[in-house]
Amino acid sequence: MLRKELQKLRLGKVELYLLERIEERGCIHIALLDPLKTKLEEAGKLARLCEESGSDAIMVGGSTVFSQNHMDLFIQEIKSKVSIPVIIFPNNIQSISRYADAIWFMSLLNSVDWYFIVGAQMQGALSIKAFGLEAIPMGYLVFGGDTAVAAMGRVLPLPTNKPEVVVCYGLAAQYLGMRFLYLEAGSGAEKPIPPEVIKAVSENVSIPVIVGGGIRTPEAAEHAVKAGAQAIVTGTAVEQDTRRLSEIVAAIHKADKT
Ligand code: 1GP
């Protein structure tokens, strides 16, 4: 039933898969692999481990990715080892690879720079079309802090103690037609997004809320799920300790969502 209705909206295969998984599980886990932090020859093995640990999808990207050729090789290596979807998490146009299953077509809504809101998107659009990549529209909100994404994306930091401001951005994303909303604390952030912020946003927007940055323990993941996150992204935890990763994924899938 859900699939039929969504197909009417002409959603792509990966987006349908994500929505169905979210409906089944309440919250899904997405593992982020950064081509500059994981060696090419280890990428496939690590992605396979993520799949075996229960991850629902793999995202590939990082704030300092600079080579499309390396993205191509990295994604091909991952694709040869996993069956879950591989989605590009682009920092710029050089991240667009024809070998992925989909790309987050994302706008950094709280950047002060036109380029990160719509400039790179406009410049990359023809490649996406030529490669036949599934583009999934997403609003991207980056919180402040000492992170690469905040610096590279020229971010006007969002206050973590003013959830109502974040809600305004979230609603704007939804009304602009974006179909996912990503609350980003930044890779390696000292602290993840506070549960109060996740709760306020998920209670007010009707598109799935993805949460990432600084989630390194099953407890932190569980707090985010209970606050209403529908997808959790972990990068650092994947790179550092794969046993920890299965604990995090298990905590996400079994957390009480009520
Ligand atoms: C970064 O939110 C992701 O875009 C993942 O962050 O590396 O801290 O898990 P971590």
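Every number for a ligand or one of its atoms is a count from 1 in the order of the listing. Just so you know, residue 1 is the first one in the sequence shown, and it goes up from there. For clarity, every value in this text was computed on a predicted model and none was experimentally measured.
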Who's the nearest protein heavy-atom neighbour of [atom], and how far?
atom: atom 10 (P) of ligand 1; value: Thr236 OG1, 3.4 Å
atom: atom 3 (C) of ligand 1; value: Tyr182 OH, 3.4 Å
atom: atom 4 (O) of ligand 1; value: Glu184 OE2, 2.4 Å
atom: atom 9 (O) of ligand 1; value: Gly235 N, 2.8 Å

Going by atom types only, do [X] and [Y] share a side-chain donor-acceptor pair under 3.5 Å?
X: Ser63; Y: Asn91; answer: no
X: Tyr115; Y: Asn92; answer: yes
X: Glu51; Y: Ser83; answer: yes

In terms of atom number and element, which parts of ligand 1 are under 4.0 angstrom from non-hydrogen atoms of [X]?
X: Thr234; answer: 9 (O)
X: Gly214; answer: 8 (O), 10 (P)
X: Gly212; answer: 2 (O)
X: Gly213; answer: 2 (O), 3 (C), 5 (C), 6 (O), 8 (O)
X: Gly188; answer: 7 (O), 8 (O), 10 (P)

- Ring centroid separation Tyr169 to Tyr140 under 6.0 Å: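 Not under 6.0 Å, so no.
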
- Item | Ring centre gap for Phe180 and Phe105 strictly below 6.0 Å |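 Not close enough - the centres of the two rings lie 6.0 Å or further apart.
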
Is the shortest N/O to N/O distance between [X] and ligand 1 below 3.5 Å?
X: Phe89; result: no
X: Ile215; result: no
X: Ser187; result: yes

Once rounded to the nearest 0.5 Å, what's the spacing between atom [atom1] of [X] and atom [atom2] of [Y]?
X: Arg10; Y: Glu15; atom1: CZ; atom2: CD; result: 14.0 Å
X: Met138; Y: Leu181; atom1: CE; atom2: CG; result: 8.5 Å
X: Ile128; Y: Ile96; atom1: CD1; atom2: CD1; result: 4.5 Å

- Test: Asp241 and Arg216 ion pair at under 4.0 Å: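 No.
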
- Message: Just to be sure I read this right, does ligand 1 sit under 4.0 Å from the backbone of Leu32, its side chain, both, or neither, counting only heavy atoms?
- Response: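 The side chain, only.
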
